[in-house]
S.K.: 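I have a structure here, written as structure tokens, and I will follow up with some questions on it.
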Amino acid sequence: MCGIIGYIGNQDAVPLLLEGLKNLEYRGYDSSGIGIVPDAGGSIQIQKEKGKICELESLLAGQSLPKTCLGIAHTRWATHGAPCRKNSHPHANDAYTLAVVHNGIVENYQPLREKLTREGYRFLSDTDTEVIVHLISKYLKGDLVKAVQRTIQELEGSFAIGVISSADPSQIVAARVGSPLIIGLGDGGNFIASDVPAIIRHTRKVIYLKDGEMAAIRKDGVALWTFDGKPVRHKVDVVTFQMDAAQKQGFPHFMLKEINEQPVVLEKMLAARLKKGKVVLEGLELSDAALKGITRIKIVACGTAYHAGLVGRYVIEELARLPVEVDVSSEFRYRSPIVDRKTLLVAVSQSGETADTLAAVREAKKRGARILSICNVIGSSLARESDGVLYTHAGPEIGVASTKAYTAQLMMFYLLALKLADVHGRLSAKERSRLVSDLVAVPGLCRKICRDGEAIAAVAKGHSHYGCFLYLGRNVNYPSALEGALKLKEISYIPAEGYAAGEMKHGPIALIDEYRAVVCIATQSDIYEKMISNMQEILSRKGNVIAIATAGDKEIRSHAGEVIFIPATNPLLTPLLVALPLQFLAYYIAVNRGCDVDQPRNLAKSVTVE
């Protein structure tokens with residue numbers, strides 16, 4: 001959530017800051033701003049505006065900004081206070097000698113604000129962030145690092161901050177707890193940023209700031225300390241993904257590009273994780289003996305990752321015969337979870353910075369559980385807090401609505417389930433060989449679906465006017481129904497619900513009429529006939545049925561107004577294929593309705609606050 005970019009060096013800072021903000025747009029925001037220290041001296045200059053970054057650019061075009069080589073900028077996703085200019089970042093002290101950008105939430109901001117107000121500090125915004133700049137101003141006695149250090153010791157909650165001072169234009173001071181922040185080491189200048197895409201055009205050398213660390217970023221180097229002042233030896237990582245991975249490459253939206261990237265992502269995962277039929281889970285950090293000692297598995301995740309976890313439960317229980325529970329991360333730690341040393345907690349997060357999932361992991365660790373994470377971002381907070389980490393290596397996902405990260409998470413669950421089945425000896429050689437063969441075929445089948453994208457677009461065009469959607473699935477595709485509904489409401493703003501089809505008669509059937517579209521996942525399986533019965537119940541009530549069915553199914557057209565076919569595969573693997581038409585359908589409906597597909601309103605890519 002939100003985006004931070006800061007620069008100090010030999011180049012003109014303003015174009016670099018604006019470029020960085022644009023490369024962070026995918027994180028979700030409702031306003032933006034920039035703060036600079038003029039090279040010639042004087043107070044900090046701040047410009048900010050509600051809305052898209054183009055609004056900020058228009059504002060700046062009408063200004064005569066002084067030359068500067070030092071600045072910070074921010075895209076804000078509103079928490080405390082409405083989206084408006086006064087609440088946008090950066091925030092400054094009264095004298096405009098200090099400015100701060102901040103991601104996260106200061107949980108104790110209210111008592112701090114009341115105390116500072118009594119001491120004569122004037123607040124101009126409704127934000128929690130403003131207490132930070134006034135605290136730094138209060139404690140600043142010439143040493144900016146010490147003032148920031150003392151300030152952060154008073155803050156409760158999560159934060160990543162960048163601070164500049166016109167009295168000390170030699171550095172940007174940064175700190176983090178709970179919200180991601182990186183340092184980019186450039187040629188003739190250095191950066192701070194929320195994420196790599198903000199700076200990838202200028203450097204691939206990065207330092208991932210850890211929780212409880214702060215840094216001074218200068219033109220010619222950086223220094224790191226813990227919050228209590230102990231120097232930190234930092235590790236420099238080299239970013240490996242290519243710049244074009246964070247560009248649209250001719251696609252109208254990142255989301256469509258990322259849907260079409262899924263065959264390659266899955267192919268690469270299988271090539272790296274299946275060696276001559278043997279599952280290789282580098283990063284697992286659990287021996288076969290340790291895996292045998294696991295008696296139960298708990299999965300924690302949020303949103304789309306939670307749906308991946310639900311599929312994971314079906315697959316692990318089917319293949320490995322181990323009991324699995326799945327929890328929404330935000331609820332897990334509030335229900336006195338029963339975990340112990342024989343519990344494997346699997347935490348799933350694309351970004352590895354999801355606040356609720358991190359909190360769930362910490363709770364499970366206190367109770368003795370072993371932690372395994374499934375994550376896409378190398379060096380993330382979740383990866384660092386886990387005993388083992390399985391990286392999906394799906395590449396940067398820029399669209400806010402997750403697509404390729406979801407199917408990569410699914411694939412990792414299939415591989416993990418296969419590994420657990422091997423360790424526990426649950427599959428015969430014949431069953432295992434057939435499953436591996438079917439798994440290897442999945443990327444090619446996904447390619448066939450992508451080639452049919454235009455046909456799905458036609459279905460979407462005929463259903464974009466419906467005011468509500470219901471998604472139904474059974475067994476391993478019940479989570480697929482949940483995910484399909486989530487995708488549609490995320491990017492098209494159409495109310496949509498996902499249900500287990502067997503539950504339809506227990507309430508949702510009351511919603512069925514000619515004004516509602518119902519997406520039924522009716523692929524070939526042992527429960528196919530039961531799904532057909534549910535579809536007939538919908539048709540008899542004038543519901544408009546879109547079926548997702550297996551190629552070659554001649555019966556299905558008599559039960560649905562529209563049919564989207566997927567290639568035949570092992571029924572257990574169908575969620576990997578079903579995901580794609582559900583994504584295409586949501587995408588094209590949103591496009592037809594004129595929605596901002598890559599940056600849907602009110603949403604953020606990485607939810608770093610509770």
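Values in this document were obtained by computation on a predicted structure and should not be read as measured data.
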S.K.: Taking the basic N atoms (NZ, or NE/NH1/NH2) and the acidic carboxylate oxygens, is any pair closer than 4.0 Å for Arg201 and Glu19?
M.R.: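 Here Arg201 pairs with Glu19 in a salt bridge, since their nearest N and O are under 4.0 Å apart.
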S.K.: Please determine whether a side-chain nitrogen of the Lys or Arg among Lys52 and Asp30 lies less than 4.0 Å from a carboxylate oxygen of the Asp or Glu.
M.R.: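 Here Lys52 does not pair with Asp30 in a salt bridge, since their nearest N and O are not under 4.0 Å apart.
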S.K.: Are the charged groups of Glu397 and Lys257 less than 4.0 angstrom apart, N to O?
M.R.: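 The answer is no: the pair does not qualify as a salt bridge.
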S.K.: Between Glu261 and Lys404, does at least one N-O distance fall below 4.0 Å, as a salt bridge requires?
M.R.: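 A salt bridge links Glu261 with Lys404.
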S.K.: Side chains of Leu572 and Glu318: closer than 4.5 Å at any heavy-atom pair?
M.R.: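 The answer is yes, as the side chains (C-beta and beyond) meet within the 4.5 Å cut-off.
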S.K.: With a 4.5 Å cut-off on side-chain heavy atoms, are Ile192 and Ile5 touching?
M.R.: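 The answer is no; the side chains never approach within 4.5 Å.
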S.K.: I need the single residue from Lys487, Gln409, Gln350, Glu490 that forms a side chain to side chain donor-acceptor pair (under 3.5 Å) with Thr304. Which is it?
M.R.: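 Answer after filtering Lys487, Gln409, Gln350, Glu490: Lys487.
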S.K.: Using the side chain to side chain contact (heavy atoms under 4.5 Å, CB included) rule, take Leu420 and Leu291 through it: C-alpha gap first, then chi angles, then the decisive distance, then the call.
M.R.: CA-CA 7 Å; Leu420 290 166; Leu291 285 176; 3.9 Å; yes
S.K.: Looking at side-chain heavy atoms only, is the closest gap between Arg447 and Pro263 below 4.5 Å?
M.R.: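 They are in contact (side-chain heavy atoms under 4.5 Å apart), so the answer is yes.
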S.K.: Under 4.0 Å between a Lys/Arg side-chain N and an Asp/Glu carboxylate O for Arg557 and Glu562?
M.R.: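 A salt bridge is absent here (no side-chain N lies under 4.0 Å from a carboxylate O).
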S.K.: Any chance you could lay out the side chain to side chain donor-acceptor pair (under 3.5 Å) test for Glu431 and Ser428, step after step, and finish with the verdict?
M.R.: CA-CA 5 Å; Glu431 289 172 327; Ser428 69; 3.3 Å; yes
S.K.: Strictly distance-based, threshold 3.5 Å: is any side-chain N or O of Ser492 a donor or acceptor partner for the main-chain N or O of Ile494?
M.R.: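 Present.
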S.K.: Verify, without hydrogens or angle tests, whether Thr354 (side chain) and Ser349 (backbone) share a donor-acceptor contact under 3.5 angstrom.
M.R.: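 Pair absent, no side-chain N/O of Thr354 close to backbone of Ser349.
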S.K.: Got Glu258 and Phe251 here, is their nearest side-chain heavy-atom distance under 4.5 Å?
M.R.: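 No, too far: nothing below the 4.5 Å cut-off.
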S.K.: Between Tyr587 and His253, is the ring centroid distance below 6.0 Å?
M.R.: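 Here the rings of His253 and Tyr587 have centres that are less than 6.0 Å from each other.
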S.K.: Using a 6.0 Å cut-off, check whether atom CG of Asp187 has over 12 heavy atoms from anything other than its own residue.
M.R.: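 Count not over threshold, so no.
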S.K.: Can you tell me if Arg273 uses its side chain to pair, donor with acceptor, with the backbone of Glu282 under 3.5 Å?
M.R.: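 Yes.
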S.K.: Quick one: OG1 on Thr75 to NZ on Lys22, what's the gap to the nearest 0.5 Å?
M.R.: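 If I round to the nearest 0.5 Å, the distance is 13.5 Å.
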S.K.: Under a 3.5 Å distance rule, please check whether Ser433 uses its side chain to pair with a backbone N or O of Ala429 as donor and acceptor.
M.R.: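 Flag not set: sc Ser433 to bb Ala429 has no pair under 3.5 Å.
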S.K.: Ignoring hydrogens and angles, tell me if any N or O in the side chain of Glu385 forms a donor-acceptor pair with the backbone of Val361 under 3.5 Å.
M.R.: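 Not a single qualifying donor-acceptor pair exists.
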S.K.: Applying side chain to side chain contact (heavy atoms under 4.5 Å, CB included), run through Val206 and Ile183 and close with a yes or a no.
M.R.: CA-CA 5 Å; Val206 299; Ile183 300 168; over 6 Å; no
S.K.: Does NZ or CZ of Arg593 fall inside the cone over Tyr493's six-membered ring, less than 6.0 Å from its centre and within 45° of the axis?
M.R.: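 Output no; distance or angle outside limits.
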S.K.: Less than 4.5 Å apart, any side-chain heavy atom of Leu372 and any of Leu390?
M.R.: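 Counting from C-beta outward, Leu372 and Leu390 do come under 4.5 Å.
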S.K.: Tell me whether Lys419 is salt-bridged to Asp288, with the criterion being a basic N under 4.0 Å from an acidic carboxylate O.
M.R.: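 So Lys419 pairs with Asp288 through a salt bridge.
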S.K.: Quick one: does Thr392's side chain have a donor or acceptor within less than 3.5 Å of a partner on Ala408's backbone?
M.R.: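 Not at all, since once roles are kept as given, no pair shorter than 3.5 Å links the two residues.
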S.K.: Any side-chain to backbone donor/acceptor pair from Asn23 onto Pro197? Under 3.5 Å, distance only.
M.R.: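 Such a contact is found between Asn23 side chain and Pro197 backbone.
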S.K.: Mind telling me whether Tyr7 and Phe191 have parallel, tilted or perpendicular rings, with 30° and 60° as the class edges?
M.R.: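 Judged by the thresholds at 30° and 60°, the geometry between Phe191 and Tyr7 is tilted.
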S.K.: Do other residues, nucleotides or ligands put more than 12 heavy atoms under 6.0 Å from Lys210 NZ?
M.R.: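 It does not: Lys210 NZ has 12 such atoms or fewer within range.
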S.K.: So, Arg426 side chain and Ala421 main chain: donor-acceptor pair closer than 3.5 Å or not?
M.R.: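 No, the answer is negative, given that no donor and acceptor are paired below the 3.5 Å cut-off.
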S.K.: Hey, does the side chain of Asp598 reach the backbone of Gly399 with a donor-acceptor pair shorter than 3.5 angstrom?
M.R.: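 The answer is no, because no donor-acceptor pair under 3.5 Å joins these two groups.
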S.K.: Charged N to carboxylate O below 4.0 Å: is that the case for Arg362 and Asp211?
M.R.: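 Yes, Arg362 and Asp211 are salt-bridged.
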S.K.: Look at the side chain of Thr550 and the backbone N and O of Asp553, then say whether any donor-acceptor pair between them is shorter than 3.5 Å.
M.R.: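 No, Thr550 side chain to Asp553 backbone: no donor-acceptor pair under 3.5 Å.
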S.K.: Is it true that, when you exclude Arg384 itself, more than 12 heavy atoms of the residues, nucleotides or ligands shown sit nearer than 6.0 Å to its CZ?
M.R.: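 Yes.
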S.K.: Given side chains that start at C-beta, do those of Thr343 and Ile294 come closer than 4.5 Å, heavy atoms only?
M.R.: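 Not in contact.
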S.K.: Is it true that Lys205 and Asp237 have a side-chain N and a carboxylate O under 4.0 angstrom from each other?
M.R.: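 Asp237 and Lys205: not salt-bridged.
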S.K.: Can you measure from CG (Asn260) to SG (Cys450) and round to the nearest 0.5 angstrom?
M.R.: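 With rounding to 0.5 Å, CG (Asn260) is 4.5 Å from SG (Cys450).
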S.K.: Once the angle between the rings of His393 and Tyr391 is folded into 0 to 90°, is it parallel (under 30°), tilted (30 to 60°) or perpendicular (over 60°)?
M.R.: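 It falls in the tilted class, 30° to 60°.
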